[in-house]
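To start, the structure itself, in structure tokens.
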Amino acid sequence: MTLRARFAPSPTGYLHVGGARTALFNWLLVRKEGGVFVLRIEDTDRERSSEEHTRAILHGLEWLGMDWDEGPFFQSQGLERHKAHALQLLDSGSAYRDFSTPEEAARDREEEVAAGGRSRRARQRADAMSPEEVAARMEAGAPFAVRFRVPDGETAWEDGVHGEVRFRNQEIDDLVILRSDGTPTYNLAVVSDDVDMKITLVLRGDDHLSNTPKQILLYEALGRPVPAFAHVPLILGPDGRRLSKRHGAMAVGDYEKQGILPEAMFNFLAFLGWSPGDDREVFARQELVEAFSLERVLRKSAIFDLEKLRWLNGQHLMRMPTEELLPKVEARLREEGVLPAKGGPAEGAAAAATDPVPLDLPTLVELLKPRSRTVEELVAQARPYFLDELAYDPDAVRKHWLKDRQETLGRLENLLERLSAAEWTPEALEGAVRGLAEEMGVGAGKVIHPLRVALTGVAASPGIFDLLMLLGRARSLQRLQRAVAVLRSGKPLDFRGDETLS
RNA sequence: GCCCCCAUCGUCUAUCGGUUAGGACACCACUCUUUCAAGGUGGAGAGGGGAGUUCGAUUCUCCCUGGGGGCACCA
């Protein structure tokens, strides 16, 4: 029998990491086994469901690279079938009409709380009612709910991650399957849908563990084959509590915005509650499909560790071919206005005016890749290379320029002269810089650091010779000239605020 | 309160009765080095408590404790 698994989120919020991880385990298993992945949107809570959330969930799945084979189906479309199933249970005696008033229901509830167990009061009232009275009430249009008659005994199943789990049926309430307004409730709808979609494996969050016996009982009463169940542990926040808004970003889309790569998020999520059993950590999607197995899913809930996600993202970033990364970086640079908008009026003209020799973006990305953990970080580091008027970072200036302003000026002037005369190759540039340092009787760093600040405005960057090559002769010399001019001017440089000097 | 699930470094995890309890993130050194990363080397850091089974328990059983989830005419 082919595996048919499903992901069934309710669109009452965005796709959160817990849901995404559940979807991911389903997806991995299905792709590994060659099964069918069904997507179903459980939108029967009309109050809280929204189309916007549905779109966000679909987008989140697509972003993570999880495609589905069937659906999306909408639970609200199955209303008639749900009712039919409820009626079938009523006909077979597995369910009964409950005419209880709200007051009676409230009293039952109190009684159960006090007794610490199920009272089955509603069932007793229903059973005490003669068929004639039931008919009369229905004739009169009295409202009633349909309740499932939980049989005596025990319900157990072999859970895909927990092993055998069992519940005493007396712990299970005679659940309402059809409300007095005729709408189906969750457990009935889920079972009806899973039956309809021929689902063979229900893999979901641990929070559904206690729904499972109810649902198994429903399958059995409906005379339908019971699917396999597997309950994966929940993902907790850093404080060990259930992940919630308090913990900040919990929607997958939030991480997309932060510049997390989908393949890193995918990798990270897979490792929450699962591990391949060896020391490998960085996996591509396909590698995860091959390595995944339900047997290695942990029973223990895991805490979402943002730092590890960031590290993993850096690993994926480094490994990602530059051609692949380039469009993402370019798009962000355009959004930031660092690069002219694509197709915008300024694109050709502005670029020509300010950028006689366009910066080699692929090389820049190559240089910045191992220095960034997220696309956002990379973009932030890339920024200065496109700015004609550098903002000099006060800390960098203080450290590398102002310890001895005159001496720095002298070195940079000297450097300007040497570099102007140098052939623009890495070897020649290095020779010029090191030669100068040697002649001046100082370490190469004494020349290199001030130069770095002149070229980038900051204290941290890729190697200085890579930098000179990247920026090119004209741009490098122009920046150096500006630094010399600024230093000569005597303007104060070590203040925060508007650091842009023109 | 009742039911269910869970329990190895701060975090993610390996271990399927016998290990100096391994790896990764983070942290701290050192190293490479023109800075920052990346990389390399090293360090610190864990079996919640108590019984039992066993020649031997992190591993199996039970109890306690702790954490989580669930107890709706929500999903």
Side-chain angles (χ1 to χ4, degrees), chain A residues 8-12 42-45 47-49 75 98 100 102 105 109 112-118 143-147 159 161-162 165-168 170-173 175-187 189-190 205-213 231 233-234 236 238 240-242 268 271-282 298-312 314-315 318 367-373 377 381 396 399-400 430 433-434 437 443-449 451-453 456 458-465 467:
Chain A
S10 60
T12 52
E42 304 202 328
D43 59 343
T44 41
D45 184 346
E47 303 289 298
R48 295 190 299 151
S49 297
Q75 188 158 64
D98 176 14
S100 303
R109 180 88 200 110
E112 290 190 352
V113 169
R118 303 297 168 194
F144 64 89
V146 177
R147 277 186 191 272
D159 192 273
V161 342
H162 288 281
V165 181
R166 43 192 341 126
F167 284 79
R168 288 181 299 278
Q170 65 187 32
E171 303 294 343
I172 304 167
D173 202 10
L175 57 148
V176 168
I177 54 178
L178 221 51
R179 300 186 186 92
S180 43
D181 65 1
T183 59
T185 59
Y186 173 72
N187 284 111
V190 166
D206 247 354
D207 49 341
H208 285 287
L209 215 46
S210 53
N211 280 327
T212 306
H231 291 89
L234 264 20
L236 272 24
R241 309 201 65 89
R242 192 176 190 170
F268 177 72
F271 270 71
L272 245 31
W274 173 84
S275 82
D278 54 42
D279 288 343
R280 293 175 297 162
E281 299 258 17
V282 184
L298 275 299
R299 290 190 277 271
K300 186 175 66 159
S301 47
I303 289 173
F304 189 93
D305 182 4
L306 186 61
E307 275 313 310
K308 187 135 188 184
L309 169 60
R310 287 173 49 75
W311 168 78
L312 201 52
Q315 294 294 316
M318 264 194 290
L367 292 173
L368 258 23
K369 258 199 309 193
R371 280 165 242 268
S372 316
R373 293 204 147 183
E377 274 183 29
Q381 290 190 75
K399 190 164 180 196
H400 298 299
E430 180 153 9
V433 170
R434 291 196 189 280
K446 293 286 185 206
V447 178
I448 287 171
H449 296 314
L451 174 59
R452 170 172 290 109
V453 177
T456 67
V458 293
S461 82
I464 199 79
F465 306 112
L467 226 51

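Letters A, B, ... are given to chains in the order of the sequence lines, protein chains preceding strands, and every chain is numbered from 1.
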Checking N1-N3 plus N6-O4 or O6-N4 for Watson-Crick, or N1-O2 and O6-N3 for wobble, each under 3.5 Å, the partner of B/C2 is B/G70
Quiz item: Just checking A/Arg373: base, sugar-phosphate only, or nothing, at a heavy-atom cut-off of under 4.0 Å?
Solution: sugar-phosphate
> With respect to the phosphate group of B/A72, does any side-chain polar atom (N or O) of A/Arg109 fall under 4.0 Å of OP1 or OP2?
Replying inline: yes
- Message: Say we look at B/G47 and B/G42: how far apart would their P atoms be, to the nearest angstrom?
- Response: 24 Å
Sugar-phosphate only, base, or nothing, as touched by A/Ser10 at under 4.0 Å among non-hydrogen atoms:
sugar-phosphate
Side-chain heavy-atom pair A/Phe167, A/Thr212 within 4.5 angstrom cut-off | no
By the Watson-Crick or G-U definition, both distances under 3.5 Å, B/C62 is matched with B/G50
The answer to which of A/Val165 and A/Val176 contacts RNA chain B further toward the 5' end, by nearest nucleotide, is A/Val165
message = Counting only side-chain nitrogens and oxygens, does A/His208 get under 4.0 Å of the OP1 or OP2 atom of B/G70?
response = no
Of the candidates B/A72, B/G70, B/U13, the side chain of A/Arg242 sits closest to B/G70
When you look at A/Gln75 and A/Val190, which way does the side chain to side chain contact (heavy atoms under 4.5 Å, CB included) test go after all the steps? CA-CA 8 Å; A/Gln75 188 158 64; A/Val190 166; 4.2 Å; yes
Note to self: What contact category does A/Leu178 fall into here, base, sugar-phosphate, or nothing, at under 4.0 angstrom with non-hydrogen atoms?
What the structure shows: nothing
**Item:** A/Phe271 and A/Leu312: CA distance, side-chain angles, deciding distance, side chain to side chain contact (heavy atoms under 4.5 Å, CB included) verdict
**Value:** CA-CA 11 Å; A/Phe271 270 71; A/Leu312 201 52; 5.9 Å; no
With rounding to whole Å, what would you report as the distance between B/U58 and B/C32 at their C1' atoms?
40 Å
At 4.0 Å (heavy atoms only), tell me whether A/Thr183 reaches a base, stays on the sugar-phosphate, or touches nothing. nothing
With a 4.0 Å cut-off on heavy atoms, is A/Phe304 in touch with a base, just the backbone sugar-phosphate, or nothing at all? nothing
As its Watson-Crick or G-U partner within any shown strand, both distances under 3.5 Å, B/C27 has B/G43
With the side chain defined as heavy atoms from C-beta on, A/His162 is closest, among B/C71, B/C6, B/G68, to B/C6
Among B/U13, B/G10, B/A37, the one nearest any side-chain atom of A/Arg371 is B/A37
pair_partner(B/A37), Watson-Crick or wobble, both distances < 3.5 Å, evaluates to none
- Task: Output yes when A/Arg118 and A/Glu112 qualify as a salt bridge under the 4.0 Å nitrogen-oxygen rule, no when they do not.
- Result: yes
Side-chain N or O of A/Arg299 closer than 4.0 Å to phosphate OP1/OP2 of B/G68: no
A/Leu209 atom CG is separated from B/C3 atom P, nearest whole Å, by 15 Å
Which is true for A/Gly463 with a 4.0 Å heavy-atom rule: it touches a base, it touches only sugar-phosphate, or it touches nothing?
base
Inter-nucleotide C1' distance (B/U8, B/G66), Å rounded = 16 Å
- Query: Closer than 4.0 Å, any side-chain N/O of A/Arg147 to the OP1 or OP2 of B/C73?
  - Reply: yes
To the nearest angstrom, the CZ-C1' distance between A/Arg280 and B/U13 comes to 14 Å
> Within the distance-only criterion (no hydrogens, no angle test), does the side chain of A/Asp305 pair as donor or acceptor with the backbone N or O of A/Glu307 below 3.5 angstrom?
Replying inline: yes
Result for 5'-nearest mapping on RNA chain B, choosing between A/Ala459 and A/Glu307, is A/Glu307
Need one value for A/Glu112: base, sugar-phosphate or nothing, where a base atom within 4.0 Å counts as base even if backbone is also close, heavy atoms only. nothing
Between B/U20 and B/U61, how far is it from one P atom to the other, in whole Å? 25 Å
*Does A/Ser275 make a side-chain N or O approach to OP1 or OP2 of B/A14 shorter than 4.0 Å?*
yes
- Query: B/C73 base to A/Ser180 side chain: any donor-acceptor pair below 3.5 Å?
  - Reply: yes
>> Would you measure the distance from the P atom in B/C63 across to the matching atom in B/C5 and give it in whole Å?
In response: 12 Å
Margin query: For a quick check, tell me whether the side chain of A/Lys308 and the base of B/A24 share a donor-acceptor pair closer than 3.5 Å.
Written below: yes
With the side chain defined as heavy atoms from C-beta on, A/Glu171 is closest, among B/A75, B/G10, B/C2, to B/C2
Taking the same atom, P, in B/U65 and in B/G23, what whole-Å distance lies between them? 36 Å
Exercise for review: Identify whether any heavy atom of A/Pro462 sits under 4.0 Å from a base atom; if not, whether one sits that close to sugar-phosphate; answer base, sugar-phosphate or nothing.
Suggested key: base
**OP:** Evaluate the side chain to side chain contact (heavy atoms under 4.5 Å, CB included) criterion for residues A/His162 and A/Asp206: first the C-alpha distance (whole Å), next the side-chain angles of each, then the deciding distance (0.1 Å), finally the verdict.
**Re:** CA-CA 10 Å; A/His162 288 281; A/Asp206 247 354; 3.0 Å; yes
Q) For A/Leu272, which contact category applies under a 4.0 Å heavy-atom criterion: base, sugar-phosphate, or nothing? A) sugar-phosphate
* To do: Would you tell me if any nitrogen or oxygen in the side chain of A/Arg310 comes within less than 4.0 Å of OP1 or OP2 on B/C12?
  => no
With a non-hydrogen cut-off below 4.0 angstrom, is A/Asn211 in contact with a base, only sugar-phosphate, or nothing?
base
**OP:** Look at all strands and tell whether A/Gly205 reaches a base, only sugar-phosphate, or nothing, counting heavy atoms closer than 4.0 Å.
**Re:** nothing
Under 4.0 Å from OP1 or OP2 of B/G39: is there any side-chain N or O of A/Gln315 that close? yes
Span that lies between the C1' atom of B/G10 and that of B/C73, in whole angstrom
45 Å
Taken to the nearest whole Å, CH2/A/Trp311 to P/B/C27 is 13 Å
If the P atom of B/A14 is compared with that of B/A24, how far apart are they to the nearest Å?
15 Å
Testing B/A75, B/G70, B/C6 for proximity to the side chain of A/Thr44, the answer is B/A75
